[in-house]
Structures are given as structure tokens and as C-alpha cells.
Peer 1: 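Sharing a structure below in C-alpha cells format, with a few things to ask.
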Number of protein chains: 2
Amino acid sequence: MAKKRETDLSTEEKIIEAARKVFTQKGYAATRTRDIAEEAGINLALLNYYFRSKEKLFEKVMFEKVHKLFGAIAPVLNDENSDLTEKIEKIVENYINMLVMNPDLPLFVLSEIKNNSEQFGDKFNMGKLMLESVFARQIRKRRPDISPLHIIMSVLGLVLFPFIGRPVLRAIGAVDEASFMGLMEERKKLVPHWVAAILNS
Amino acid sequence: MAKKRETDLSTEEKIIEAARKVFTQKGYAATRTRDIAEEAGINLALLNYYFRSKEKLFEKVMFEKVHKLFGAIAPVLNDENSDLTEKIEKIVENYINMLVMNPDLPLFVLSEIKNNSEQFGDKFNMGKLMLESVFARQIRKRRPDISPLHIIMSVLGLVLFPFIGRPVLRAIGAVDEASFMGLMEERKKLVPHWVAAILNS
DNA sequence: AAATTTTTTAATCAAATGATTAAAAAAAAT
DNA sequence: ATTTTTTTTAATCATTTGATTAAAAAATTT
């Protein structure tokens with residue numbers, strides 16, 4: 001049995017890096033394995049040698065992306081040592097910092113999940129887990145009169161939607177890249193204020 | 001030259017109705033013309049007889065969908081006879097009423113625009129038009145200290161995002177169809193309140 | 001250095017898919 | 001009723017695309 005050489009990792013990493021780029025840019029269905037191979041600068045057969053199929057490669061990329069998207073909120077959900085205000089500040093900051101580096105992430109992940117929602121059914125109790133989290137409990141305590149889902153959807157909408165709508169805003173010439181990112185920086189402070197106002201309304 | 005018969009419209013309408021359904025459900029790339037033909041209960045060649053190609057058929061559907069999505073906000077933008085509060089109420093109500101009937105619309109349109117943003121470049125000044133609308137002017141008057149884009153993104157985020165995130169919420173078992181729609185009904189009253197709170201914050 | 005294992009490639013396959021063609025069926029016009 | 005036009009279908013094409021195979025090249029082991 002041979003040891004792994006640097007080139008092994010390098011080639012495999014070149015392929016998956018290309019896959020990240022092309023899948024995120026065009027979606028699963030519109031991506032051709034040849035696109036990925038070309039982007040990685042390797043032969044098509046090599047892609048199937050390292051990963052068994054387009055779907056297997058996609059699953060790897062998708063797994064990463066899903067974790068990146070939900071990783072911004074997950075560690076905050078059950079933190080017993082922060083209050084509601086602090087949690088919201090943390091979620092907003094985590095998300096915007098990550099999304100500025102990965103602006104296409106939400107639209108990619110949400111689209112692919114919609115087209116393949118069965119695969120995410122194994123996380124059957126993730127919904128319950130979210131609604132029984134410390135975060136949800138703190139929301140309920142502050143506003144027993146409305147569903148915590150309303151607040152969660154609102155926070156996520158205020159933070160994620162600009163990135164989801166960004167392609168349209170850019171297409172119609174409403175913002176350029178630089179000013180969009182400037183607005184997102186502003187939103188790190190604005191959104192927590194606004195959510196506080198919502199919780200008091 | 002022969003007159004058009006009822007069957008003409010009926011067949012053409014059967015095809016485009018099937019196209020609406022399949023394209024919206026699976027997106028352009030994942031849709032096969034055979035799927036549409038089967039859904040319409042007609043021969044594949046007939047699809048190419050009525051519409052010249054998959055792309056032409058898609059353009060027809062896409063045009064409708066884009067207009068449906070932006071039609072909920074467009075007539076309100078330049079209404080001189082309503083104040084900011086009334087406009088927000090109207091936008092929220094229009095949108096939620098329409099989205100309850102077309103929950104997949106936003107994710108579909110935003111995804112397809114992202115993958116084909118060149119085609120929407122002809123509406124080059126639509127961005128300027130939006131930022132010079134009566135609506136934008138009224139926002140600026142109320143809050144000269146922040147970009148009206150912040151408020152517009154926030155209203156749209158609060159209204160559209162729940163529908164964009166719905167596939168995930170359903171996949172993780174956080175809501176069933178009925179309770180989701182119930183929440184959206186509640187949001188018709190909640191979101192205008194919240195936006196008012198944001199504007200005062 | 002020789003043998004073995006791992007990596008890479010060129011060539012090719014088989015299935016899927018958008019589209020066309022030629023002919024039949026139906027409808028409309030004469 | 002006959003002719004002409006329009007609609008529909010079955011069969012087929014050509015291209016694309018995911019995947020495989022057999023052989024070469026490179027690296028590793030012995």
C-alpha cells in the first residue's frame with residue numbers, strides 16, 4: 001500500500017474546489033461534469049476516478065454548503081449564557097460576515113433543497129429541535145402572543161434576503177457590487193436594532 | 001386561411017399550463033420537454049409545433065412569472081395619493097395574497113434570474129426608476145439617514161423570505177402546510193406594524 | 001533496477017434529450 | 001364531395017452528457 005502524496009490531495013482538492021464554484025454558480029442540473037473538469041484543469045475521467053459520480057461529488061459540496069449556511073445560527077441557538085438581544089446580534093453578525101464572503105450561498109442551498117427536499121427529511125426532528133431551543137424559549141418569553149417562527153423568519157429574512165435578491169438588484173442596476181457590500185456592513189448594526197423594535201412593537 | 005378553433009387555444013393553453021407547472025417546480029435546466037409534453041397529455045413534437053423550442057416556451061412562462069412577481073409592487077410605487085404607511089400595507093397585502101396562491105414563485109424567479117441575469121439587463125433603468133419612485137421619495141423623507149434600499153430590502157425580506165425558506169421549514173418538519181399558511185395570514189397585519197416600528201427606530 | 005501500485009489520459013459507450021421529418025388524421029374552405 | 005389547410009403523431013436524428021475501459025505515465029515499494 002502506497003502512502004498519500006501531496007499531489008493526491010492537491011488533485012482531489014482542485015476538483016472539489018472547481019465543483020464548489022461551478023455547482024454554486026449554475027446549480028446541480030445545469031452543471032456538466034465536463035465544466036468542472038475543465039475548471040479544475042483535469043481530465044473528465046479523473047473526476048469519476050476520485051468521486052464516483054456527479055451526484056456523489058455534489059453531495060460532498062452540498063454537505064459543506066448546508067453546514068456553512070446553518071453553522072452561522074446553530075452554535076447560538078442553545079447558548080444558555082446569552083440573552084435574546086445578544087443572540088440576535090451574534091446571529092446577524094455571524095451571518096453577514098459569512099455571506100459577504102459567500103453571497104451566492106443562500107440562493108444555491110435553498111434552491112437545491114427545494115428540488116431535493118427528500119434527502120433532508122432525515123433531519124426530521126431538526127424542526128422540533130429549533131422550536132425547543134433556548135433561542136425559541138427566550139422569544140416565547142418575550143412575546144408569548146406570537147409564534148417564535150415569525151421572529152425567526154423575520155431575522156433570517158432581514159439578513160438573508162438581500163443576498164437572495166442581489167442578482168436582481170444588480171441586473172436592474174439598483175446597486176453596484178461595492179455599494180451593496182457597504183449596505184450589508186451597515187446592516188450588521190441596523191438589523192439588531194430593527195429586530196429589537198419588532199420585539200417591542 | 002383558416003379561422004382559429006377553440007381546440008387551438010385549448011391545446012396551446014394545455015402546453016403552457018403544463019410548462020408553468022414543470023418549469024416552476026424543477027427550474028429550466030432540470031426540466032425536460034418530454035416532462036412538459038407528458039404533463040400536458042400531448043405528443044412531444046406538438047410542443048415544438050406550437051412553441052419553437054424549449055427556450056422560447058420558457059421565455060413565455062418566465063415573462064408571466066416575472067410580471068406576476070413584480071406586479072404586486074409596481075402599481076404602488078408611484079401612487080401619489082397614498083402615504084408611506086398605506087403603501088407598505090398595500091404591498092404586503094398584495095404580495096401575501098398572491099404568494100399564498102403561488103408559493104414557489106419567488107424562489108423560481110430569483111433563481112432563474114441569477115442564472116441568466118443578462119436577459120434582464122435591458123431593464124437597465126428599472127433600478128433608477130425604483131430609486132426615484134414616489135415610494136423611495138417618501139422613505140427618504142421619513143428616514144433621510146439611511147438608504148431607501150435598506151427599507152425596500154427589509155419589506156421584501158419580511159414578506160418574501162418565508163416563502164423562499166418554506167421548502168426548508170417543511171423539510172425539517174418545523175411547519176406543516178396548513179400552519180404555514182396560517183402564519184402568512186397573520187403576517188399581513190404583523191409586517192406593516194413591524195415596518196412602522198423599523199421606520200421609527 | 002525491477003516490480004507493483006497509483007494516477008492520468010484518450011477513446012468510446014450508452015442513455016438522455018431537444019428537435020425534425022414525413023405521414024396520418026382532423027378540420028375548414030371551396 | 002373535394003381540395004386545402006391545420007393539427008397531431010410515430011419514428012428518427014444529432015448532440016450532449018455521465019460514465020467506463022484499456023492503456024500509458026508517474027510514483028512507490030521491494
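In the text below, chain A, chain B and the rest are named by the order of the sequence lines, each starting its count at 1.
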Peer 1: Separation of B:Phe51 atom CZ from C:dG18 atom P, in whole Å?
Peer 2: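 Checked: the CZ to P distance equals 16 Å.
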Peer 1: So A:Phe23 and A:Tyr28, would you call those rings parallel, tilted or perpendicular, with 30° and 60° as cut-offs?
Peer 2: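 Parallel: the ring planes of A:Phe23 and A:Tyr28 meet at under 30°.
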Peer 1: When the distance from CD of A:Glu38 to C1' of C:dT8 is rounded to whole Å, what number comes out?
Peer 2: 18 Å
Peer 1: Distance check needed: C:dG18 P versus B:Tyr50 OH, whole Å only.
Peer 2: 21 Å
Peer 1: Rounding to an integer number of Å, can you tell me how far A:Leu57 CG sits from D:dT17 C1'?
Peer 2: 15 Å
Peer 1: What do the steps show when you test B:Ile152 against B:Ile139 for side-chain contact (heavy atoms from CB on, under 4.5 Å), and what is the final call?
Peer 2: CA-CA 9 Å; B:Ile152 293 171; B:Ile139 294 173; 4.1 Å; yes
Peer 1: Enumerate all atom pairs, one protein N or O and one N or O from nucleotides 19-25 of chain C, separated by less than 3.5 Å.
Peer 2:
residue	atom	partner	partner atom	Å
C:dA19	OP2	B:Lys54	N	2.7

Peer 1: Does A:Thr11 have a side-chain nitrogen or oxygen under 4.0 Å from the phosphate oxygens OP1 or OP2 of C:dT7?
Peer 2: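 The answer is no; no side-chain N or O of A:Thr11 sits under 4.0 Å from OP1 or OP2.
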Peer 1: With both distances under 3.5 angstrom, what nucleotide forms a Watson-Crick or G-U wobble pair with C:dT30?
Peer 2: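 Looking at the geometry, C:dT30 pairs with D:dA1.
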Peer 1: Hey, is A:Asp104 close enough to A:Arg166 for a salt bridge, meaning N to O under 4.0 Å?
Peer 2: yes
Peer 1: Is the shortest side-chain heavy-atom distance between B:Glu93 and B:Met98 below 4.5 Å?
Peer 2: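 B:Glu93 vs B:Met98: side chains apart.
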Peer 1: How about B:Arg140 and B:Ser147: do any of their side-chain heavy atoms sit closer than 4.5 Å?
Peer 2: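 No, their side chains stay 4.5 Å or more apart.
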Peer 1: Without decimals, in angstroms, what is the distance between A:Ile42 CD1 and C:dT9 P?
Peer 2: 7 Å
Peer 1: For the pair made of CD1 in B:Ile15 and C1' in D:dT8, what is the distance, rounded to whole Å?
Peer 2: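 Result: 10 Å.
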Peer 1: Roughly, in whole Å, what's the span from CZ in B:Arg32 to P in C:dA15?
Peer 2: 16 Å
Peer 1: Salt-bridge test for A:Glu186 and A:Lys189: reply yes if a basic N is under 4.0 Å from a carboxylate O, no otherwise.
Peer 2: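 The answer is no: the pair does not qualify as a salt bridge.
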Peer 1: What is the separation between atom NZ on A:Lys14 and atom C1' on C:dT8, rounded to the nearest whole Å?
Peer 2: 11 Å
